[in-house]
Protein chains: 2
Amino acid sequence: MSNKTNVLLVGSGGVGTLAAYNLEIGGLASVTSVLRSNHDAVSQNGFTITSLDHGYVKGWKPSTIRNSVPDVGKECLRPFDFIVVTTKNIADVSPTVTETIAPAVTAGHTTIVLLQNGLNIEKPLLVAFPMNPVLSGVSLIGATETSPGVILHDDRDRLIIGAFTNPNLPLSTSITSAQMFVQLYSASEKVSCTYNENVGFVRWRKLVYNACYNSACAITHMDTSRMRILKYPIDDVVRPLMLEIVAIAKAAGHVLPESIVEDMINCDPEDTYFKPSMQQDIEKGNFMEFENIVGEPLREAEKLAVPAPNLKMVYGLLKILQTNIKEAKGLVSFPTGPILLDQF
Amino acid sequence: MSNKTNVLLVGSGGVGTLAAYNLEIGGLASVTSVLRSNHDAVSQNGFTITSLDHGYVKGWKPSTIRNSVPDVGKECLRPFDFIVVTTKNIADVSPTVTETIAPAVTAGHTTIVLLQNGLNIEKPLLVAFPMNPVLSGVSLIGATETSPGVILHDDRDRLIIGAFTNPNLPLSTSITSAQMFVQLYSASEKVSCTYNENVGFVRWRKLVYNACYNSACAITHMDTSRMRILKYPIDDVVRPLMLEIVAIAKAAGHVLPESIVEDMINCDPEDTYFKPSMQQDIEKGNFMEFENIVGEPLREAEKLAVPAPNLKMVYGLLKILQTNIKEAKGLVSFPTGPILLDQF
């Protein structure tokens, strides 16, 4: 039996595959990847990866591949030390992250690493797995699966790890887990993986981009580059949202630098048309992560009595748009009746 | 030469055709209709109208049909007494209403009747034609052109006429024009056409529906019926917008009844799925009348210092969506460059 750290990876698209590859070439971890849409392709030919950090890799497979999340108890498997979750986090659609990974979690042993966007994503996991450390991963990688098993990695892998507060465990336990994970992930010496104790600060900082550009672009189908060229979408929509996020973060105890708003407005490359993930999702008819990216910051605002009318309106609109996606996927239905066109 | 009142009708879709028909059968007006997309069909076969007010009408033509707005001066035509405009009013796209009708207006003679939605629609006309009365027409008709020249009229024609204030003319001149038009329009004895001196009240009342449902439905592509069934779209988006419109109207001197918000929320029929006109427009790739329906009420709010954050956000989003339509129609373009997909 391997004495390597036993890692389960759930969500093997671009980000997840690069995480699995990087963990394995570091030599300290043995990775089991749960593959869905790309399972057959990878099973036959392995992954083909074209990577800024790792070069060209052909026919690579993680130590183990599976087409479903393992049931550690039933299958009498060695417990996973880490479960790295790189799926989208769609809080309002079942199965949730908690439901998905439950069979693979060993109580009091497995550390859960959430490489996902948004706020309060640890909350349901701490309820379901009260004695397990849960880590925050904020990734700045640019990686996409261009066809099943084929990954293009075109922006450097920079990962910031921290420990979410688990009131049932000594702080040192979670921090030790976080530092262990940083060690595993850094062992390849090809990427940047750092420990940052200030999880809230790191996540709110990323929300300044995500809650605002993601929302504006998902609702309007306009990319961030066109918005910057036209300017008024920034002035009318994006900046007012960002200022609210900064104000809520401050009330929550995370003082972001003054320059953050203009920095985030201008952070995408100049010479390309950039579509944030929520815009891509809605354009493909996929669910959007809007509850964690917009809903949770809004609920923080309400809890802290910070006025956030723009975020509230945008949240309302996104919830309607998400309902359209649910209807298209058959999760919501309406009585049949004639469509009436109002002409005046 | 006919001694009937000489009327030019610009915009012969459902609403315009019913107006032309009703004016002509009243016997007091001779109508020249400007036809665009349906010109050839109507020229050959006339209009086919299935109407709640007028029954089934086949092969009807107005006294004169044209495929462009007449140039009264150049063509030495008898001046038009009334120009009835039933086109969409797209304030941010050329040609505007003013530009369209200019060649047919006789200064100091022609009365311009705007059967159109929104606020301050008379302003550019009063600048261009300072010595002409401009009338407000608020229509509650349901009429649609199902194919070129074929009109389905399924909700009664109720028209409210008033006179916009023209500071260059005695008030009595505009009021006399308005009352004359009501007489012409009522002569058929088939429809309801009333004079209402309180133009502002009538237009703000209709904005409670239009600025809010039109916007919410255009942005989200969800019809008003689904919104009422789900309830949260009303609570999160529609009602907050309506409350702002009522507050702006009040500051502008038009006190709407308390019940207006719930009445407007529930005014569409229960058993059908109702798409407001701006939703239909965006779904067909047509320009939206959002500047007059949302932009002008918002500018009133700013002038009167009434807080309207919801309307402001919705206006910003609609302006972006309108820009997408302009880009699709070639009125706006962006430098070419690769599309970059942000994966995390």
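Reminder, nothing fancy here: chain letters follow the sequence lines and each chain counts from 1. For clarity, every value in this text was computed on a predicted model and none was experimentally measured.
Of the two parts of B:Leu241, only the side chain, counted from C-beta on, holds a non-hydrogen atom closer than 4.5 Å to a non-hydrogen atom of chain A.
If you take CE on B:Met313 and CG on A:Leu317, they are separated by 9.0 Å, rounding to the nearest 0.5 Å. Rounded to the nearest 0.5 angstrom, A:Asn324 CG and B:His221 NE2 are separated by 8.5 Å. One finds the CD atom of A:Glu327 at 4.0 Å from the CZ atom of B:Arg226 (value rounded to the nearest 0.5 Å).
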Point to revise | Verdict with supporting geometry, B:Ile320 and A:Met227, side chain to side chain contact (heavy atoms under 4.5 Å, CB included) | key: CA-CA 8 Å; B:Ile320 298 172; A:Met227 288 190 179; 4.2 Å; yes
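Ranked by heavy-atom pairs under 4.5 Å with chain A, the first of B:Val332, B:Asp155, B:Asn310 is B:Asn310.
Under a cut-off of 6.0 angstrom, the local environment of NZ in B:Lys319 is crowded, with over 12 non-hydrogen atoms contributed by other residues, nucleotides or ligands.
Counting only heavy atoms from C-beta outward, the side chains of B:Pro233 and A:Thr323 never approach each other to under 4.5 Å.
Residues A:Asp236 and B:Gly316 share a closest heavy-atom pair of CB-CA, 3.9 Å.
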